[in-house]
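In what follows, a single structure is set out as structure tokens and then discussed.
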Number of protein chains: 2
Amino acid sequence: MSSDSGPGRRRDGELATVDRIRDAAIERFGRDGFGAGLRAIAADAGVAAGLVVHYFGSKQGLRRACDEHVLSIIRHEKTKALTDGSGSMMFAQLAEVERFAPYLLYLLRSLQAGGELAGALIEQMTADAEQYLAEGEAAGVVRPSRDRAARARYLAYQSTGGMLLWFTLHGSSGDPESFRRLFRQYVDEITPAAVELFSQGLLIDRSMLDAFLMYVPDPPAQD
Amino acid sequence: MSSDSGPGRRRDGELATVDRIRDAAIERFGRDGFGAGLRAIAADAGVAAGLVVHYFGSKQGLRRACDEHVLSIIRHEKTKALTDGSGSMMFAQLAEVERFAPYLLYLLRSLQAGGELAGALIEQMTADAEQYLAEGEAAGVVRPSRDRAARARYLAYQSTGGMLLWFTLHGSSGDPESFRRLFRQYVDEITPAAVELFSQGLLIDRSMLDAFLMYVPDPPAQD
DNA sequence: GCCCGCGTTGAACACCTGTTTAACCTGCTG
DNA sequence: CAGCAGGTTAAACAGGTGTTCAACGCGGGC
């Protein structure tokens, strides 16, 4: 398959058929969920239904190819963002959200359906969160935690799951423009509450935390 | 339909066929998702496929009936919990989680798929959260917020979405016993980090909050 | 006893699914 | 030019889907 050997473009600049099918599948799956039919995907790619299974073996094979491609894009963009810097990353990504809309929609569908990609994704998110939080601790900006890994994991699940649920209920319709608008709306809606919670917590004092630590006395092994 | 006129039991104590079909549907949908076939549901209820559409008009009608039934159960149990008291409620519910496993699984699938029930559910959860938080504020336990409604909504989305994602990735398999175990595992896994975050926040100082408030100066209208 | 209505069934329908197969067209090579 | 290989297609297949329809059994009222 050409995804292993470069971008897979032709001499005339057009994408190769295999990649065109894969991209059409990513878009369709993102729009309609993984219940979308092979014939619809094939039609989107301007191709017969038999060709997609000829290239990918089966629908499951097609999904796997989509997963791998999206994951490679994530990793690529991630390293690009890391070399960029620390602070401006989020906002730069947010500005580019429209360009990546199909992949984000596909990711949301993956999280919705579960499976390997989803698992790998939140695993990577917890790893990233743990790293960022550790840097924040070192810089004296983030409070230390009794269990860094658990906190990172908790934050990854909560933020990702909250976003997933929000988009599930606000029906993302598909086209990049409305997706960008929706994304902006989501960020505007949750940011104030998130910043407030992160800055000052929810409870007045530590009594509940202390009471809880009485019942679960030993902090998990850190080594 | 008999769901409007009482529990729908027969003289001999057996459930009426309509209710048996509905319950089987709730269980099947919870286990296999809403893609489950009518024939499988009918077989679970010990009935022919034609009968379920004869009673509910269509598959969508069946889903609506399931939604309404689950929602009515929620409201019923909710009021029971409210009359019970404030503190012990959560733990009592947690003990009974096994009894309600099919309904919880159905709810998870509803949140996963979106739709009216899911919307109504998180709407009610934000309303409840807002009430609880207001009581907490009045009791001097919970910090006041710049925007009570937004905070309640944020917390509802985050906690519900986080739980949804967790269960999606940890595959809930179906049977009540393993569901209870999974639920327990989830609570054990997130509680420490949640209590810590709620007690002391994430950031050392208010500088980020203040910086954010510079950009969004006016707190949303409260009246 | 007859008939009617209700609960219920199994077969049929039209459609859609993923997948297989045989053939086609095209361009390159010998 | 023949022939072969690769890309591509249309048709067929086996199965599953929600839904419809005609018929059946059976209890109760006239």
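The chains referred to below are lettered A, B, ... by the order of the sequence lines, with proteins before strands, and numbering in each begins at 1. Since this is a predicted model, take the numbers as computed values, not measurements. Worth knowing before you read on, the calculation uses all heavy atoms, side chains too, and leaves out hydrogens, waters and symmetry mates.
Terminal axes of the helix from dG1(C)-dC30(D) to dG30(C)-dC1(D) (five pairs each, C1' rotation axis) are separated by 30°, to the nearest 10°.
For A48(A), the side-chain atoms get nearest to dT9(D) when compared with the rest of dT9(D), dT8(C), dT19(C). Of the candidates dG7(C), dT19(D), dT19(C), dT19(D) carries the atom nearest the K59(B) side chain, counting heavy atoms from C-beta on.
Not counting sequence neighbours, the partners of D44(B) by the salt bridge (charged side-chain N to carboxylate O under 4.0 Å, His left out) test are R28(B). Contacts of E189(B) classified as side-chain hydrogen bond (donor to acceptor under 3.5 Å, both in side chains), with partners at least two apart in sequence or in another chain: W166(B). Looking at residues two or more places apart in sequence or on another chain, you find a ring-ring contact (aromatic ring centres under 6.0 Å, His included) between F34(A) and F29(A), Y106(A).
Annotation: the span from F198(B) atom CZ to F212(A) atom CZ amounts to 12.5 Å, rounded to 0.5 Å. The CD atom of Q185(A) lies 10.5 Å from the OG atom of S178(A); values are rounded to the nearest 0.5 Å. To the nearest 0.5 Å, the span separating CZ on F100(B) from CZ on F183(B) amounts to 12.0 Å. Separating the CG atom in L155(B) from the CG atom in L133(B) is a distance of 6.0 Å, to the nearest 0.5 Å. With values rounded to the nearest 0.5 angstrom, F56(A) atom CZ is found 6.5 Å from R22(A) atom CZ.
A donor-acceptor pair shorter than 3.5 Å cannot be found between the side chains of R63(B) and Q60(B).
OP1 or OP2 of dT8(D) has at least one side-chain nitrogen or oxygen of T17(A) nearer than 4.0 Å.
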Test salt bridge (Lys or Arg N to Asp or Glu O under 4.0 Å) on D147(A) and R151(A); report intermediate values, then the result.
CA-CA 6 Å; D147(A) 189 341; R151(A) 177 168 73 174; over 6 Å; no
Run T168(B) and L164(A) through side-chain contact (heavy atoms from CB on, under 4.5 Å) and show every step you take.
CA-CA 12 Å; T168(B) 299; L164(A) 168 64; 5.8 Å; no
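Put simply, CZ on F56(A) is 12 Å from P on dT8(D), counting in whole angstrom units. Rounded to an integer number of Å, the gap from Y55(B) OH to dT19(D) P is 17 Å. As a whole-Å value, the separation of H54(B) NE2 from dA22(D) C1' is 14 Å. Rounded to whole Å, the distance from CG on L51(B) to P on dG25(D) is 17 Å.
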Can you check each nucleotide of nucleotides 21-26 of chain C against protein heavy atoms at under 4.0 Å and return B for base, S for sugar-phosphate only, - for none, in 5' to 3' order?
------
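Of the residues in residues 27-41 of chain B, those with a non-hydrogen atom less than 4.0 angstrom from any atom of DNA chain C are R39(B).
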